[in-house]
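Structure first, then comments.
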Amino acid sequence: MISYCDDEFEITSQIQASWPFERKRSARMCEQWPRRGGLHPLLVYWLSRTNTTHSNDFIIEFYHRIKFAKGFFNIRWKITAGDKPVAALDLTYLQKEKPFPNGSVEEPAMAESPVRKQFVCECGREYIRKEHLQRHKATHGRPSFTCPTCDRSFTRLDLLRRHSKIHGAVVPDSRKEPACDACHSSKIKCDGGSRCSLCRKRDIECTYQRANLARRVIEANPDVVFDLSGGNFSASRAPSTTSNRQSEPREALRSARAHSHAGSSSSAASDASSPPMAAAPANVSPTEASWNERTKAGTRVIAHAMGTLRDGGDSDVFSNPSASMKEWLDDCYKSYFGQFHHTWPILHAPSCDDPVEFVPLAASMAIIGAWRKINDPSAMQMIFAIHQILMQYLFAQMTRFTFDSSKPWPLEMYQASLLNAIFAFEIGKWSFIPRGRMLHVAVSTILRQTNMFSSESAIHHQRRHYPSDFMPWIFGKHESWKRLAMSAVKLDRNIALLYNQSAFIHNEELNLQLTSSFAMWNAHGLHELYRRVPRELTQRQGYRMSQLMSITDANLPFPLFAEDVELILLGTANHVWTYRRQFAAASAADLAGQRIGIMIQLELCRNQLNRMYSIQTFPKNHTAELEVMLTAYYGREEEETSPVLLTEAMRRFSQATFSAAMLYNMLELLVCADVQQLIDITSGLYEGNELYTEIVLQKQARIAEWVVSIDGRSAVIHAMTILRLYEEYVANTGNTNNKCLDPIVHISLLAGAVVVRAWTEGVMQGCVCGAAIPTLELGGMPGLPDDGPLFGSWKATGQRLQYNGVALCGCNLLNWRERFARGLPEGGWRQRLDRNWPVL
């Protein structure tokens with residue numbers, strides 16, 4: 001097949017290698033090639049013989065039949081200019097110079113193919129298939145398809161679709177309709193209707209249950225009209241609820257196409273287990289309602305851009321958006337960098353001041369920022385649909401990866417993939433997290449294959465592909481790679497903690513220098529960057545991430561930031577998992593050395609975190625340290641003119657300290673308790689199953705020993721400390737949006753709730769709220785609990801435990817459950833709590 005592309009006709013190598021033309025004729029054609037504007041020699045030869053004027057709009061079909069290798073060719077050209085047929089050429093050539101295998105120069109007798117061209121056009125053209133004749137007849141009519149870009153007309157839709165690729169646009173194909181399951185399995189065309197002809201013949205109903213992502217969106221959203229023309233997606237509110245939508249799905253699709261004929265179309269998919277959309281809340285403010293509607297419109301535009309990208313085109317939706325789209329994107333980016341970016345600082349915020357041209361990355365930033373601000377279920381469902389499209393597209397791109405050291409790392413592809421993996425984890429839906437885990441593993445595997453976890457490799461890559469002596473440019477490149485690797489490790493540990501699995505990335509792999517401060521990474525403008533360079537702690541560059549993850553001594557030449565403490569804890573999480581896996585099979589004496597090493601690291605982190613809490617609680621007593629910490633958490637604000645500079649820096653410092661403190665308590669809890677074992681027993685997952693009777697009895701015996709042990713009492717102290725830190729953080733910041741929290745907070749609250757329930761039900765016999773017994777009060781206690789005499793004596797006796805005057809007792813256990821649930825977003829995280837602690 002010869003296709004037209006950029007004023008040049010390309011021919012397949014098979015035909016090109018088998019050209020049967022004589023040497024003189026080929027030489028004459030090649031001489032004419034440059035003077036014919038880059039056309040192929042074979043076409044040039046035909047033009048010279050027929051005196052046909054050259055046109056840049058030729059559409060050529062090339063048919064050939066090879067009876068013997070390099071022996072006998074039947075060639076037919078069909079050439080059209082625009083939508084008008086120009087001519088047809090039948091060319092037969094017999095190479096007589098080389099004999100055939102039988103020794104003669106004539107072609108051996110062969111039976112001709114009994115192909116009968118029974119479909120004849122009035123112009124004399126014959127076709128084998130009826131659809132080919134119908135397509136040809138369209139060329140005799142008047143043009144009925146017009147290009148919206150250049151106003152050029154065509155008689156056939158496929159010609160318009162081929163032409164539109166020149167402009168980078170995609171024309172929907174209205175003929176594409178999903179077939180019913182019976183027709184699809186029989187591989188025949190479905191003629192539609194409430195029951196197609198095949199289903200009427202078989203006396204069955206038409207069903208549409210096969211894996212069709214677009215249809216899942218329709219079935220999950222009965223009050224939304226969708227357009228699926230050409231594999232694209234758009235949605236708008238239906239005027240009324242149809243009672244027979246599920247019984248007549250094809251009519252619903254047709255009405256959707258008619259409804260969105262003048263609108264935009266986009267590509268989408270949805271999760272198979274997504275719940276149906278509920279009605280929007282009635283008590284929504286006008287601002288929230290406007291934001292929800294803008295989000296729905298924005299997601300449609302994003303879906304269209306992704307559909308264009310999937311079809312091989314380019315989209316300028318993000319580089320050159322409309323006024324309304326730009327306003328919505330600015331709000332989404334503001335939400336992204338104002339909330340999500342503080343927890344996952346993957347992107348270089350100053351670089352994003354310019355439009356982000358990589359569509360998947362810009363779309364990921366937009367839906368993450370929008371999700372944190374909306375409450376409308378229908379808008380949220382559309383965001384989830386876009387998220388699924390991005391996951392599928394990016395995973396397909398990552399699995400096609402082939403390492404090539406001669407090309408620069410596709411950083412934006414890695415960033416978009418990791419952002420969607422993180423977003424799936426933050427959503428917390430049962431079906432999203434495994435897919436996000438697969439995408440995360442794909443990214444981590446590629447980072448490992450490209451040796452992106454090594455500083456030496458990063459330096460070599462920068463010098464080869466980005467040679468420059470400009471300090472901000474070099475800093476931005478290296479920091480982007482380090483931040484990407486750091487976020488991949490953090491997500492890896494979070495997933496491992498949630499599922500009680502081993503980590504995918506090992507501590508020893510991270511041979512990268514420590515990241516710079518948040519202030520350096522988010523300095524907007526060269527003047528701000530150069531102002532912050534002298535305050536940067538240069539001693540940090542002498543340490544690698546792997547060194548800090550295994551450190552046991554705090555005698556460092558620089559103060560630790562909250563992110564540094566978090567990195568140490570992420571490294572400790574690997575050791576905690578190994579210790580807990582060996583705990584059931586080995587004795588305490590055999591694991592004593594391993595536990596001591598873990599406790600040394602945890603004690604180091606606790607002291608550092610208590611120092612940070614002391615700086616925040618008593619700033620006048622730590623003036624010098626406070627200045628170092630606040631300058632490390634400057635952001636976009638101008639240092640000389642911004643009135644909220646110190647306030648925003650303190651907020652970021654407090655948020656980072658809070659997240660690290662939650663991770664610390666989570667690891668302390670895991671050292672003292674097997675959370676998964678507690679879930680297996682207290683949730684009743686194996687009740688009534690005789691296969692697990694013996695295992696359940698063994699676990700119940702272990703739990704009975706655990707609740708009265710020092711480990712059990714230490715675990716419940718850390719569980720209640722998790723709740724105390726969360727409630728204090730909400731009270732100090734006033735932020736009740738649990739979507740903005742670090743996912744480690746959700747994981748810690750889930751584990752803390754399980755431990756509190758197991759310990760309370762195992763220890764408390766009757767109500768102890770008013771009993772005159774020794775009590776440990778956790779309220780009003782700054783920072784993290786230590787191993788002082790107050791806690792040591794309570795761990796030895798294990799009497800009443802209370803927080804702000806409320807005792808932990810069986811009579812108010814459901815109230816404690818509700819307090820833990822307040823920190824979990826609706827959806828997947830709440831469902832996990834319901835599974836671990838069902839309310840009977």
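Worth knowing before you read on, the calculation uses all heavy atoms, side chains too, and leaves out hydrogens, waters and symmetry mates. Since this is a predicted model, take the numbers as computed values, not measurements.
Using a 3.5 Å distance cut-off with no hydrogens or angles, the side chains of Tyr579 and Arg595 do pair a donor with an acceptor.
Using cut-offs of 30° and 60° for the angle between ring planes, the Trp481 and Tyr466 rings count as tilted. Using cut-offs of 30° and 60° for the angle between ring planes, the His348 and Phe475 rings count as perpendicular. Between Tyr729 and Phe658, the two ring planes are parallel [angle under 30°; tilted spans 30° to 60°].
Checked by atom type and distance alone, the side chain of Asp331 never pairs as donor or acceptor with a backbone atom of Trp328 at under 3.5 Å. Remark: side-chain polar atoms of Ser315 are not paired, donor with acceptor, to backbone N or O of Ala305 under 3.5 angstrom. Under the 3.5 Å distance criterion, the side-chain polar atoms of Lys490 are left unmatched by any main-chain donor or acceptor of Ala485. Looking at Thr552, its side chain never comes within 3.5 Å of a backbone N or O of Ile600 through a donor-acceptor pair. Judged by distance alone, the side chain of Thr631 and the main-chain N or O of Val628 form a donor-acceptor pair under 3.5 Å. Proximity of a side-chain donor or acceptor of Glu536 to a complementary backbone N or O of Ser517 within less than 3.5 Å is detected. Between the side chain of Glu637 and the main chain of Gly635, a donor-acceptor pair closer than 3.5 Å is present. Although no hydrogens or angles enter the test, the distance criterion places no donor-acceptor pair under 3.5 Å between the side chain of Asn320 and the main chain of Asp316. Using modelled atom types, one side-chain atom of His461 and one backbone atom of Trp409 make a donor-acceptor pair closer than 3.5 Å. Put simply, the side chain of Ser457 never gets that close to the backbone of Ser454: no donor and acceptor are under 3.5 Å apart.
Side chains of His342 and Arg651 form a contact here, defined as non-hydrogen atoms less than 4.5 Å apart.
Not counting sequence neighbours, the partners of Ala421 by the side chain to side chain contact (heavy atoms under 4.5 Å, CB included) test are Leu439, His440, Leu491. Considering only residues two or more places apart in sequence or on other chains, His746 meets the side-chain hydrogen bond (donor to acceptor under 3.5 Å, both in side chains) condition with none of them. Annotation: ring-ring contact (aromatic ring centres under 6.0 Å, His included) contacts of Phe653 (sequence neighbours excluded): Tyr633. A search for ring-ring contact (aromatic ring centres under 6.0 Å, His included) contacts involving Phe337 returns His341, not counting sequence neighbours. Partners of Arg580 under the side-chain hydrogen bond (donor to acceptor under 3.5 Å, both in side chains) rule, at least two apart in sequence or in another chain, do not exist in this structure. Among residues two or more places apart in sequence or in another chain, the side-chain hydrogen bond (donor to acceptor under 3.5 Å, both in side chains) test is passed with Ser364 by Asn420. For Lys326, the side chain to side chain contact (heavy atoms under 4.5 Å, CB included) criterion is met by Pro321, Asp330, not counting sequence neighbours.
Each of Met662, Met666, Arg493 was evaluated against Ile747; a single residue qualifies, Met666, per the side chain to side chain contact (heavy atoms under 4.5 Å, CB included) test.
To the nearest 0.5 Å, atoms NE2 (His524) and SG (Cys352) are separated by 8.5 Å. To the nearest 0.5 Å, atoms CD (Glu509) and CG (Leu447) are separated by 10.0 Å. Between the OG1 atom of Thr721 and the CD atom of Glu728 there is a distance of 9.5 Å, given to the nearest 0.5 Å. A distance of 10.0 Å separates OG1 in Thr515 from CH2 in Trp521, rounded to the nearest 0.5 Å. If you take CG on Asn610 and SG on Cys605, they are separated by 11.5 Å, rounding to the nearest 0.5 Å. In this structure, Leu626 CG and Met612 CE are separated by 12.5 Å, a value rounded to the nearest 0.5 Å.
Residue pairs meeting the salt bridge (charged side-chain N to carboxylate O under 4.0 Å, His left out) criterion with at least one member in residues 518-532, sequence neighbours excluded, are Glu528-Arg531, Glu528-Arg532, Arg531-Glu640, Arg532-Glu639. Residue pairs meeting the salt bridge (charged side-chain N to carboxylate O under 4.0 Å, His left out) criterion with at least one member in residues 469-485, sequence neighbours excluded: Glu479-Lys482, Glu479-Arg483. Pairs engaging residues 661-670 under the salt bridge (charged side-chain N to carboxylate O under 4.0 Å, His left out) rule: none recorded [sequence neighbours left out]. Applying the salt bridge (charged side-chain N to carboxylate O under 4.0 Å, His left out) rule to pairs touching residues 384-395 yields nothing, sequence neighbours excluded.
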In sequence, state the C-alpha distance, the side-chain angles, and the governing distance for Glu456 and Arg544, and then conclude on salt bridge (Lys or Arg N to Asp or Glu O under 4.0 Å). CA-CA 12 Å; Glu456 288 74 16; Arg544 303 297 174 100; 3.1 Å; yes
Is there a side-chain contact (heavy atoms from CB on, under 4.5 Å) between Ile302 and Met325 once you walk through the steps? CA-CA 10 Å; Ile302 293 176; Met325 183 66 178; 4.1 Å; yes
Walk me through it: do Phe432 and Phe384 pass the test ring pair (Phe, Tyr, Trp, His ring centres under 6.0 Å)? CA-CA 9 Å; Phe432 281 21; Phe384 291 162; 5.5 Å; yes
Candidate pair Phe518 and Phe561, rule ring pair (Phe, Tyr, Trp, His ring centres under 6.0 Å), full reasoning: CA-CA 10 Å; Phe518 185 88; Phe561 299 142; over 10 Å; no
Donor-acceptor list for residues 568-575 side chains, cut-off 3.5 Å, not counting sequence neighbours:
| residue | atom | partner | partner atom | Å |
| --- | --- | --- | --- | --- |
| Thr572 | OG1 | Ile568 | O | 2.8 |
| Thr572 | OG1 | Gln601 | OE1 | 3.2 |
| Asn574 | ND2 | Asn507 | OD1 | 3.4 |

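By the 6.0 Å contact criterion, NE2 on His465 is enclosed, its count of non-hydrogen atoms from other residues, nucleotides or ligands being greater than 12.
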